[in-house]
Structures are given as C-alpha cells and as structure tokens.
Amino acid sequence: MFREGFVWGAGSSAYQIEGGAALDGRGPSIWDTLCRRPGAIHNSETGDVACDHYTRFRDDVDLMQRIGLGAYRFSVAWPRVLPLGIGRINEPGLDFYDQLVDSLLAANITPWVTLYHWDLPQGLFDRGGWLSPEIPAWFAEYTRVVVDRLSDRVTNWITINEPQIFVGLGYREGKHAPGLKLSMKEQLAAAHHVLLAHGRAVQVIRERARSTPSIGWAPVGRADYPAVETPENIEAARISSMSVHEPGFWNNTWFGDPVCLGHYPEDGVRLYGADMPRIERGDMETIFQKLDFYGVNIYSGVGVRRGADGATETVAWPAGVASTTMRWPVAPKSLYWGPRFLHERYQLPIVITENGMANPDWVAGDGRVHDPQRIDYTRAYLLELARAHADRVPVHGYFHWAALDNFEWAEGYKERFGLIHVDFATQKRTMKDSAYWYSEVIRSNGKHLSDASPFAQAAGPQVRRVAQETRQGVRGPVPVPGGRS
Ligand code: FCB
C-alpha cells in the first residue's frame with residue numbers, strides 16, 4: 001500500500017512543547033513576547049511550561065518508541081541555541097538537542113530536524129526581524145551552529161515551517177507573533193527574506209553536513225481538489241491550486257515557485273506590481289537550491305469545479321459538514337490531490353510533514369482517551385495518500401501532527417492535536433486510542449488501513465493481541481493502561 005521504507009512519523013515544534021522557557025540560558029523569542037500581550041492568546045496562556053518536554057523528553061521518546069514511530073520531527077529553538085539570535089552560543093541549549101537526538105536514535109527513531117518553526121529570537125526582532133536584509137545571514141549562522149553540532153547523526157533537515165502562516169498571520173493579520181499588520185510591500189519584503197534565508201540554510205547544510213543530508217522544507221499546502229473527478233474539474237483544481245488568487249499568502253506558488261523553479265509566479269508579480277520586493281542580483285540563485293523532498297503540511301482543502309464561464313468555482317460545503325474543533329472541514333481528498341499537483345509542478349518526492357486534527361479529547365472514566373474522530377480522519381486521509389502512491393506520486397513519508405497535545409499558538413491549550421494526551425495541570429501523558437491504532441498502521445506499513453472496523457480494533461481485542469506480542473518481544477505498542485490488557 002505504501003512503498004518499502006515509507007517513513008511513519010509524528011511531529012512537534014519547540015515552542016509548542018518544550019517549556020523550560022527560562023532554563024539553561026534560553027533567550028526570549030517573539031512568541032514569549034506575544035504571549036504577554038493582553039488578548040493575544042486564548043486565556044492568556046503561554047509556552048512557558050507547555051508539555052515540559054525540555055525536562056521530560058526521555059519519557060516522551062519512550063512513549064514514541066512504544067507507539068512504534070519510525071521518525072520524529074521536532075524543531076530547534078533558535079533562542080535556546082543563540083540566546084540573542086547571533087553571537088554567543090548557549091552550550092546547554094545545544095546539549096539538549098544532542099541528548100534528544102541520541103535518545104531518539106537509541107529508540108530506533110530517526111530524527112527530522114526543522115530549523116525554524118516560528119520562534120524568532122526577540123533580539124533579532126529588535127534588529128528588524130524578517131524585515132531586515134541581514135536575516136538570511138543570521139539564519140545561515142544559526143544553521144551552521146546546529147549543523148556542526150548535530151549533522152554527524154541527523155541527516156533529515158527541514159529549513160522553514162509554513163512561511164505562508166508566519167508571514168501571513170504574523171506580519172499581515174497580526175494574530176501570530178510578532179503581531180504586526182504591515183503594508184503589502186513590507187509583507188512581501190519579509191517574505192523575500194524568508195526565501196533567501198531558506199536558500200542560505202540549504203547551502204550551509206550542503207557545505208557542512210558531516211553525513212549526506214536530505215533537505216526539504218515544510219510549507220502549508222493549499223489543496224484545491226475536484227469536487228467530482230471529471231477531467232474539466234481536475235484541470236480547474238490544478239489551476240486553482242497553483243494560482244496566486246488574491247493579495248496575501250494563502251497559495252502554494254508565491255513561495256514554492258522561487259524555491260523550486262527559481263522565479264516568482266507571473267500572476268503574483270502582476271498582482272503585486274509596485275509592491276514587489278526588491279530583487280538583488282543573485283537572489284533568485286540563492287533561493288533556488290536543489291531540494292531532496294518537498295515537505296508539505298495539509299489539513300484540509302476545498303472542492304472546486306469548472307464553472308459555466310470556464311472559471312474555477314468553489315463548491316460550497318454542505319450544511320453541518322464534518323469539521324474539527326479548529327472548524328477546519330474534514331477533506332481527505334486533499335491528501336491525494338495536494339501531493340499530486342505539487343509533485344507535477346515541482347517534480348520532487350513528497351513528504352507529508354504535517355496532517356492531523358484537533359478534537360475535544362479527555363481522559364474518560366475508564367482511564368483512556370477515546371478519539372474515534374481522529375482515527376477516522378487519519379484513516380480516510382491516509383487512504384487517499386495511498387491512492388496517490390498507487391497513481392505513482394512518489395510519497396516518501398507521513399508525519400502525524402502531533403505526537404503530544406501542545407500549545408496551539410493563539411488558541412493556547414484548548415486545541416488538542418496529539419496522539420498522546422497531556423494533562424497540563426499534572427503533565428500526565430495518556431496514549432489516546434488513535435496512538436494504538438496508528439501503531440498498527442505503522443507496523444503493517446499501512447495495510448491495517450483497509451481493515452473495516454478501526455474503532456473496535458483500537459479499543460478491543462486487537463490491542464490485547466498486540467500487547468501480548470509486545471510481552472513476547474515482538475515490536476508493538478504498549479499494553480493498554482488501566483490493566484485492560
Ligand atoms: C500548523 C503548524 C503547527 C500546528 C498545526 C496545527 O500550521 O505548523 O505548528 O500549529 O498547524
């Protein structure tokens with residue numbers, strides 16, 4: 001169902017799980033600052049403690065091993081490594097990632113390292129942040145420090161997570177750090193610096209990595225798909241997925257084309273006109289670095305069709321459409337058409353670097369966390385990903401978002417995305433039913449997806465069988481808590 005060697009993983013990011021905000025010399029980031037702004041974050045919550053992963057990482061790796069994860073995607077906190085963003089290196093911060101990598105490897109879990117998942121050092125923001133033309137050089141310096149320390153053991157690198165979101169929500173809409181609402185011209189300048197930073201990071205990794213690297217990035221994918229799969233609608237979806245529709249960053253190509261084709265998309269250049277960023281000689285060459293995979297985060301999508309006048313139309317959601325607690329509609333076809341269109345355009349292997357859903361999970365009276373929605377969602381999406389693979393889209397891996405419940409940015413702790421439940425008052429971890437189910441999916445390399453009744457298996461005899469196997473030494477998930485095994 002999936003290729004041999006398919007990467008089965010789960011993900012996280014530093015600010016969302018680590019906590020330890022004041023420990024061992026970490027500097028402040030723009031998220032620490034935003035979290036202190038009244039009204040910015042749900043319930044005034046912060047990432048100060050989060051999952052306390054900074055001190056509990058060994059236990060967390062243990063849980064991931066028990067799920068059977070083959071890979072774990074985490075991000076390095078720039079301000080933990082370089083408290084001011086440049087200059088002085090904070091050795092204890094680097095030691096943390098050193099130990100995390102060693103624990104993962106000891107657990108047979110391959111580390112995938114994201115260099116930037118939104119926690120810009122406050123010190124660099126004070127010098128202009130993403131608006132400064134110096135930031136590509138700052139990012140290159142930081143990348144060098146991390147690569148020099150980890151690349152003897154880390155081979156999988158992701159430069160930047162979701163530029164669309166941190167520029168769009170951070171510099172355009174003001175909802176994410178640094179909470180600004182700038183002009184289009186300034187937004188585009190920031191975006192251009194992000195692209196240059198990405199390119200410089202790829203160069204540094206290639207130059208300095210001590211083991212042959214595999215490098216990608218993790219943009220968010222806009223997945224418009226044909227509501228009904230006719231040739232006309234497929235073409236309408238392809239065009240719509242690869243267009244710059246309107247000012248802003250909710251598209252694939254504004255960042256994707258420079259990174260993978262070496263130029264900005266023409267429709268966007270026309271749309272932005274005089275707001276276009278200043279492009280210096282050599283910029284596009286810096287941005288256009290060979291990548292080994294196209295990572296993409298896909299959670300939802302929209303169904304489209306070709307309208308009577310030939311233009312693409314969005315098909316309205318039916319009333320009461322299935323949706324997550326983020327109010328993101330459940331749209332499994334996005335995991336077929338998203339990878340397919342992106343591969344067609346950019347000709348790179350695809351890795352799904354994030355996919356998952358927020359659900360109102362809690363620990364039930366029986367001590368377990370029952371999350372059938374997450375199992376159903378993930379199963380439906382993975383079946384579509386398997387269809388993409390069957391249709392010869394080279395899909396190399398899938399990272400469920402997230403390993404643990406965590407700090408969901410402006411939503412605080414109210415949105416739970418994890419396979420593992422976290423009680424934020426006590427830091428107790430509980431494997432959700434979906435973790436047991438996912439562990440079977442991993443073990444069978446996806447064959448388990450075709451089993452008709454995933455919920456019964458997650459909760460019942462299947463888990464008991466696997467638990468028994470575990471006791472007999474076969475690699476499998478942990479026995480069910482509360483003595484049910
Ligand atoms: C993505 C982010 C990730 C998480 C998920 C739900 O936009 O990359 O950190 O917040 O959404």
Side-chain angles (χ1 to χ4, degrees), residues 9-19 29-31 34-35 40-42 45-47 50-51 53 72-78 112-120 158-173 175-177 194 198 216-223 248-252 255 294-301 323-331 334-335 338 351-361 371 373-374 377-378 381 398-422 432 434:
S12 72
S13 87
Y15 191 71
Q16 294 180 278
I17 65 164
E18 282 181 5
S29 82
I30 55 174
W31 271 95
L34 185 75
C35 287
I41 312 291
H42 170 76
E45 287 158 351
T46 76
C51 307
H53 176 75
Y72 172 55
R73 174 185 174 217
F74 64 92
S75 78
V76 173
W78 189 345
W112 287 55
V113 172
T114 308
L115 289 165
Y116 187 73
H117 203 126
W118 307 356
D119 44 358
L120 184 73
I158 291 167
T159 55
I160 288 185
N161 184 70
E162 294 190 353
Q164 292 89 346
I165 303 298
F166 77 82
V167 180
L169 294 188
Y171 284 80
R172 178 179 177 78
E173 294 183 28
K175 293 182 184 153
H176 277 190
V194 171
H198 159 84
W217 65 326
V220 68
R222 172 176 171 142
F249 299 98
W250 190 239
N251 63 67
N252 291 309
F255 290 99
Y294 196 101
V296 63
N297 302 346
I298 296 179
Y299 289 87
S300 190
S323 60
T324 73
T325 52
M326 295 287 276
R327 307 323 299 169
W328 297 347
V330 178
S334 58
L335 223 54
V351 174
I352 304 302
T353 35
E354 287 180 23
N355 167 255
M357 65 168 281
N359 201 48
D361 308 315
D371 57 345
Q373 286 86 355
R374 184 170 289 102
Y377 170 106
T378 309
Y381 276 68
Y398 172 87
F399 287 80
H400 192 80
W401 184 272
L404 303 164
D405 288 342
N406 60 61
F407 176 77
E408 178 48 34
W409 309 114
E411 309 303 324
Y413 294 97
K414 83 174 154 57
E415 300 293 349
R416 294 182 176 273
F417 276 91
L419 293 165
I420 300 167
H421 181 275
V422 177
K432 300 181 189 178
S434 57

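Keep in mind that what you see is a predicted model, and the values were worked out from it rather than measured. Counting starts at 1 for both ligands and their atoms, in listed order.
Taking all atoms of both residues into account, the shortest heavy-atom contact from A358 to F417 is N-CE2, 3.5 Å. Here the shortest heavy-atom pairing between G418 and K432 reads O-NZ, 2.8 Å.
Of the N and O atoms on the side chains of S12 and Y72, at least one donor lies less than 3.5 Å from an acceptor on the other residue.
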Can you pull every nitrogen or oxygen pair between ligand 1 and the protein closer than 3.5 angstrom?
unit_1	atom_1	unit_2	atom_2	d
ligand 1	7 (O)	E162	OE1	2.4
ligand 1	7 (O)	E162	OE2	3.1
ligand 1	8 (O)	H117	NE2	3.3
ligand 1	8 (O)	N161	ND2	2.9
ligand 1	8 (O)	E162	OE1	3.4
ligand 1	8 (O)	E354	OE1	3.1
ligand 1	8 (O)	E354	OE2	3.0
ligand 1	9 (O)	Q16	OE1	2.8
ligand 1	9 (O)	H117	NE2	2.8
ligand 1	9 (O)	W409	NE1	3.1
ligand 1	10 (O)	Q16	NE2	3.4
ligand 1	10 (O)	E408	OE1	2.7
ligand 1	10 (O)	E408	OE2	3.1
ligand 1	10 (O)	W409	NE1	2.9

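Partners of R374 by salt bridge (charged side-chain N to carboxylate O under 4.0 Å, His left out), not counting sequence neighbours, listed by chain and number: D361, D371. Qualifying salt bridge (charged side-chain N to carboxylate O under 4.0 Å, His left out) partners for D119, counting only residues two or more places apart in sequence or in other chains: none. Y413 is linked by a ring pair (Phe, Tyr, Trp, His ring centres under 6.0 Å) to F407, F424, counting only residues two or more places apart in sequence or in another chain.
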